Amino acid sequence: MQQRKTNVMAVTVAIYVATFMSAIEGTIVSTALPTIVGDLHGVALMNWVFSIYLLTNAMMTPIYGKLTDLVGRKPVMQTGLIIFIIGSMMSGLSDSMPVLIFWRAIQGIGAGALMPVSMTIIADIYSFERRAKVLGFNSSAWGIASVLAPLIGGLIVDKLSWHWIFFINVPVGLITLFLFQFYLREPKRHNKVKIDYLGSFWLMLFLLGLMLSFQLLGNTTISWASVVIAWVVSAASLWLFIRRESHTDEPVISMDLFKNRTFVIQNAVAALISGFLMAVEVYIPTWTQGILGVPASLAGFAVTPSSLMWIVGSFVTGRLLAKWAPRKILYLSLCFIFVTGLCLALLPVSTAFGWFFLITAIGGVGFGITITATTVTSQHLVSSENVGVATSFNTLSRTIGQTLMISVFGIALNVGMNQGISSHAGTNMAMMNKLINPQTATELPTKLLPTLHGILYTGLHWVYLIGLALIVLAFIVNSLDRGPQMTAAQHAAKLNKD
């Protein structure tokens, strides 16, 4: 009996929906968080609603990547979706902040499968030539989510209740699960599943310490003792993980991957640029609301051109990958991103709203090329049995870059604003909190507004100077790729030949 083939269109739709669920989760919860905190009386724990989700998500990503190569893409994606659905349902039923945080951790464990396994499936069902375009469409889910999430979140909270922020994932998740179950076909794997539990433990402990230290650094009051302890635990766990992986037959992340300089550089650049992406997506809306007074419902549209041009960049990448070496492709993409970074670092406080459309559009092309090229190249630099691990490592690199830089940018903004407040009598941080929200900015004295705008601008200026330094560092890292300059396809052909 002939096995039915994968329905590529149905699976692609399922992948897009899974990516959209993952993308919208953070923003839609942030929209409802004030209501959740007020209902559950947990303002002291509110940061953990996000932090725990990021922590468990990042910790599980490389584990799922390894499992996709051992047992197959389909069972791993289904497992992740089931855990995500259960976590979402129970988060919606939570009646206290600690209970909600626990189920958000479970939700994050499931979400850790969605992105890396989706991109691995794309590598399976699409040819090298078409993969970049599909990844571009798939990546657009993040941009669409950033625009729709505040609208959807606000509507759900106003018309239903905050519980439905989580409940809505259940029917959508079940539909996605159905599509994967009936339309994704893959050959049965006869691998004898051997999971490196000790290596997995050290890896998760390393990521837990690392991600937790980033979260602690982002707090208003930093406990340096806790940060140092987290760093020590993380460093020790990393050493034990590397030692373990070097001597086990079935490593979670093969150390051989890091012998390929191009692979390491591609993922390092992906991490750096993903970090800068946070400066664009998080702090441009802060600029447009706090300095220009644009309503929150419109401020998010300032970064919409980035999402649209991301797709264009991905289409361009499809052609470049067949003709250019990875280093040359990244040089091109980093030039676009450098223009965006330079503009944001030099913009005057009086810049009109419309200029952000042009600036983010230019950056969108660069982001689309960079993220798509590093993903596809990473997949082609490894053997077929390691595609899942390589893809999950690429996702993990980007997650770590984003988490680290969102903390660094938060510190830079606070330091910049505190310096401004200390040099302008009659201003305080409470005023800055009101200024960033256009609805409460009207409560501030009119004569102080120019001064407060200047203080916020100074803080944002520091954010974008650091962002510009990240881009320069990405150029330097990319220049270290001095091996044979082959295209990704030629790398793959050489690997298969060897």
Side-chain angles (χ1 to χ4, degrees), residues 1-25 57 60-61 63-85 88 110-145 168-191 310-311 314-315 317-318 321 368 371-372 375-376 378-380 382 384-392 394-395 492:
M1 182 177 177
Q2 188 176 8
Q3 187 182 19
R4 285 185 295 168
K5 292 183 177 180
T6 292
N7 185 321
V8 174
M9 182 55 68
V11 172
T12 303
V13 170
I15 289 171
Y16 191 89
V17 174
T19 303
F20 186 78
M21 277 200 306
S22 180
I24 204 170
E25 188 61 30
N57 189 324
M60 290 305 299
T61 294
I63 310 300
Y64 284 127
K66 183 61 181 179
L67 288 173
T68 60
D69 292 330
L70 285 175
V71 302
R73 290 40 162 158
K74 185 174 177 176
V76 175
M77 177 60 91
Q78 289 174 321
T79 301
L81 277 168
I82 290 169
I83 295 172
F84 181 79
I85 291 168
S88 297
L114 302 186
M115 278 300 293
V117 182
S118 292
M119 289 190 288
T120 304
I121 294 172
I122 288 173
D124 290 340
I125 64 177
Y126 282 99
S127 65
F128 175 76
E129 292 75 21
R130 294 192 62 195
R131 196 180 309 165
K133 294 182 180 180
V134 177
L135 284 172
F137 275 124
N138 199 50
S139 297
S140 70
W142 292 88
I144 294 170
I168 197 172
N169 288 327
V170 177
V172 177
L174 289 173
I175 292 169
T176 309
L177 193 63
F178 170 87
L179 291 173
F180 280 119
Q181 173 64 33
F182 290 97
Y183 295 110
L184 177 62
R185 305 293 172 197
E186 59 179 353
K188 288 186 177 179
R189 294 171 188 263
H190 301 289
N191 300 4
W310 189 306
I311 301 174
S314 296
F315 283 1
T317 308
L321 283 167
I371 301 304
T372 306
T375 302
V376 176
S378 295
Q379 292 171 339
H380 267 69
V382 300
S384 57
E385 61 267 21
N386 282 319
V387 170
V389 170
T391 306
S392 67
N394 180 265
T395 304

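The shown structure was predicted, so the numbers you read here are calculated from the model rather than taken from an experiment. Only heavy atoms go into these numbers, but all of them, side chains included; no hydrogens, no water, no symmetry mates.
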Kindly indicate whether the side chain of Ile125, heavy atoms from C-beta on, has any atom under 4.5 Å from the side chain of Val11.
-> yes

Are the side chains of Ile85 and Met21 in touch, meaning some heavy atoms are under 4.5 Å apart?
-> no

Mind checking the CG-CG spacing from Leu174 to Leu179? Nearest 0.5 Å is all I need.
-> 11.0 Å

Modelled atom types, side-chain donor and acceptor of Tyr126 and Thr12, under 3.5 Å | yes

How close do Asn57 and Gly112 get, heavy atom to heavy atom, and via which atoms?
-> OD1-CA, 3.3 Å

To the nearest 0.5 angstrom, please state how far the CZ atom of Arg185 sits from the OG1 atom of Thr6.
-> 7.5 Å

Measure across Gly80 and Ala113 and return the closest heavy-atom pair with its distance rounded to 0.1 Å.
-> CA-CB, 3.9 Å

Nearest atoms (heavy-atom pairs only) where Tyr64 meets Gly110 | OH-CA, 4.0 Å

Could you tell me the separation between the CZ atom of Phe84 and the OG1 atom of Thr79, rounded to the nearest 0.5 Å?
-> 15.0 Å

With distance as the sole test, does Gln379 use its side chain to make a donor-acceptor pair with the main-chain N or O of Met119 at under 3.5 Å?
-> yes

If you measure from CZ on Arg73 to CD1 on Ile121, what distance do you get to the nearest 0.5 Å?
-> 8.0 Å

Of Asp124, Val389, Val117, Thr391, which is the lone residue that meets side-chain contact (heavy atoms from CB on, under 4.5 Å) with Thr68?
-> Val117

Would you check if Trp310 and Ile371 make a side-chain contact, meaning some heavy-atom pair closer than 4.5 Å?
-> yes

One should read off an interatomic distance between Met115 CE and Ile15 CD1, to the nearest 0.5 angstrom, of 10.5 Å

Closest non-hydrogen atom pair between Ser314 and Thr372, with its separation | OG-OG1, 2.8 Å

Distance-minimising heavy-atom pair for Ser378 and Asn394 | OG-ND2, 3.8 Å

Side-chain heavy-atom pair Thr176, Leu81 within 4.5 angstrom cut-off = yes

Considering only heavy atoms from C-beta outward, does the side chain of Thr317 approach that of Val376 to under 4.5 Å?
-> no

State, to 0.1 Å, how close Met77 and Leu114 come at their nearest heavy-atom pair, and which atoms those are.
-> CE-O, 3.7 Å

Geometric class of the Phe20/Tyr16 ring pair [parallel <30°, tilted 30-60°, perpendicular >60°] | parallel

